Amino acid sequence: MNAPLPLAAQIVAVLRDVTGPGSVPLHAPRFSGNELAYVQECIDTTFVSSVGKFVDRFEADLAAFTGAGHAIAVVNGTAALHAAMLLAGVQPGDEVIVPALTFVATANAVAHCGAVPHFADSSEATLGLDPVALGAHLAEIAEIRDDVCVNRTTGRVIRALVPMHAFGHPIDIAATVELARTWHLVLVEDAAESLGSTVGGRHTGTFGRMGTLSFNGNKTITTGGGGAILTNDPELAKRAKHLTTTAKQPHRWEFRHDYVAYNYRLPNLNAALGCAQLEQLPTFLAEKRRLFEKYRAGFEGMTGVRLFAEPAGCRSNYWLQTLILDDDRAGERDTILAATNDAGLMTRPAWTLMHRLPAFETCPRMALPVAQSLERRIINIPSSAILGSSGAA
Ligand SMILES: *Cc1c(COP(=O)(O)O)cnc(C)c1O
């Protein structure tokens, strides 16, 4: 009997089988609809910049798709997070709880407010924030004083909780909403990766006081660069628009600004791209789900690794398909990353945990056993929607 192939070679074989030949990126955007026509219209009408009908339409289409009361389009997902945290009342010297396992934008936005990120552990079941472990941690270190949550060990107010739906998979949102209520934390969902993901039919980013989206080039839909704030509160939506558009009072010719605000508005040119992309989102989501099924068939029965599937009760957009190595195979991660990338199949590990980045080394954190384990075991594999289209290999 032949010895089985090394795990790295087995993974390369499955990826190649599913993706077909050639160099395969991790996540490529796809422009197969009205992109060119809408962008051309911006150029023809000269409405390429900060006003134009595509911005209004993109916001209305986003609200309709997500079921959020309001969507406010901004320049990128980081700006959306920054503005949402300011609107949540985050002040300099506050703490904001974010997962240690996230893209750096979540922690950066806290720092942009002059606040301090406080890192929380992840759940093996969702890859996102673990509300049960966080609840136990808060019970240890925090107390409610005059209606606000105070970290007894640092003396700082913990103002907000900003979980993230990692790789598009929804977190345990019901328990997280309850936790935020118990501890008087404003809940802002970083839904940058989860456009199209739902829990019990309700869209991620609509459970908290606010949610934020990103339309960067590698996300499920792209506007080149872009983001949005979601909220169900009409007053908050107005404040979000004002804060992200230089706090200018509406007037036919006067330049009056209420306070120091931000120029975070999304240009019409980018919104035009977004409108065309949003029209195709249902197709992209169906293709990404089909890609998951192809990978599932390929990885079924392989020992040492499993393909992450959407948590029970949730529908994931499968933004980035994720392999999780067994604990005793974590040592093979870099061999697998090298073998796949050498073969022209772009794969990536999870982000370096936030508390190990120089900027955030000294920030408060809970014990992070699951995030640390996941960091050693996660490999994201090629995930473009086109790979799941019926025409693909
Ligand atoms: C993409 C992303 C963002 C926002 O990134 P931008 O590039 O600023 O649009 C924020 N949080 C997470 C988790 C992301 O993946």
Side-chain angles (χ1 to χ4, degrees), residues 25-29 58 62 71-86 88 90 96-113 117 119-120 122-123 126-129 160-171 173 176 187-197 204-205 208 210-230 244 262-267 270-271 273-274 277-278 288 316-322 348-355 357 359-360 371 374-375 378 380 383-384:
L26 189 68
H27 199 288
F58 188 48
L62 277 174
I72 297 90
V74 295
V75 282
N76 57 53
T78 310
L81 278 167
H82 180 206
M85 287 184 199
L86 291 172
V90 174
V96 175
I97 298 171
V98 301
L101 182 65
T102 186
F103 177 58
V104 72
T106 326
N108 277 347
V110 177
H112 293 161
C113 297
F119 298 116
S122 303
S123 148
T126 68
L127 310 183
L129 186 126
L161 171 59
V162 186
M164 195 275 285
H165 305 284
F167 311 124
H169 302 298
I171 59 163
I173 194 69
T176 305
L187 181 62
V188 176
E189 297 169 72
D190 183 348
E193 304 182 354
S194 64
L195 180 64
S197 302
T204 49
M210 282 163 280
T212 61
L213 301 173
S214 167
F215 312 113
N216 189 35
N218 62 349
K219 295 300 199 309
T220 301
I221 67 164
T222 187
T223 58
I229 300 167
L230 305 177
T244 55
Y262 298 87
N263 178 17
Y264 277 175
R265 70 173 96 221
L266 186 72
N270 301 76
L273 205 56
Q277 288 272 286
L278 211 43
K288 291 171 85 62
S316 175
N317 66 0
Y318 285 107
W319 171 54
L320 284 191
Q321 308 283 347
T322 305
R348 287 290 179 265
W351 309 281
T352 298
L353 297 183
M354 292 301 107
H355 72 288
L357 299 179
F360 302 121
L374 288 172
E375 183 192 32
I378 283 175
N380 291 120
S383 302
S384 306

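Here the structure is a predicted model, which is why all the values come from computation and not from measurement. Both counts, for ligands and for their atoms, begin at 1 and track the order of listing.
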Looking at ligand 1, does any of its N/O atoms fall within less than 3.5 Å of an N/O of [X]?
{"X": "K219", "result": "yes"}
{"X": "A192", "result": "no"}
{"X": "W319", "result": "no"}

Note the single closest protein heavy atom to [atom], along with its residue, its atom name and the distance in Å.
{"atom": "atom 15 (O) of ligand 1", "answer": "E193 OE2, 2.5 Å"}
{"atom": "atom 11 (N) of ligand 1", "answer": "D190 OD2, 2.8 Å"}
{"atom": "atom 6 (P) of ligand 1", "answer": "G77 N, 3.6 Å"}
{"atom": "atom 8 (O) of ligand 1", "answer": "T78 OG1, 2.5 Å"}

Best match, S214, A191, A107, S194: closest heavy atom to atom 9 (O) of ligand 1: S214

Report, in ascending order of atom number, the atoms of ligand 1 lying under 4.0 Å from any heavy atom of T102. 13 (C)

Taking 4.0 angstrom as the limit and counting only heavy atoms of M164, give me the atoms of ligand 1 inside it, by number and element. 13 (C)

Where the side chain of [X] meets the backbone of [Y], is there a donor-acceptor pair that is under 3.5 Å apart?
{"X": "T204", "Y": "P170", "value": "no"}
{"X": "H27", "Y": "N218", "value": "yes"}
{"X": "E193", "Y": "N317", "value": "no"}
{"X": "S194", "Y": "S197", "value": "no"}
{"X": "T222", "Y": "N216", "value": "yes"}
{"X": "E375", "Y": "L353", "value": "yes"}

Going by side chain to side chain contact (heavy atoms under 4.5 Å, CB included), E189 matches just one of L213, T212, I173. Which one? I173

Report, one line per pair, each donor and acceptor closer than 3.5 Å where one atom sits in a side chain of residues 71-82; sequence neighbours left out.
unit_1 : atom_1 : unit_2 : atom_2 : d
N76    : OD1    : T78    : N      : 3.1
N76    : OD1    : A79    : N      : 2.8
H82    : ND1    : Y264   : OH     : 2.9

Checking contacts here: is it the side chain or the backbone of T212 that comes within 4.0 Å of ligand 1, counting heavy atoms only? Could be both or neither. neither

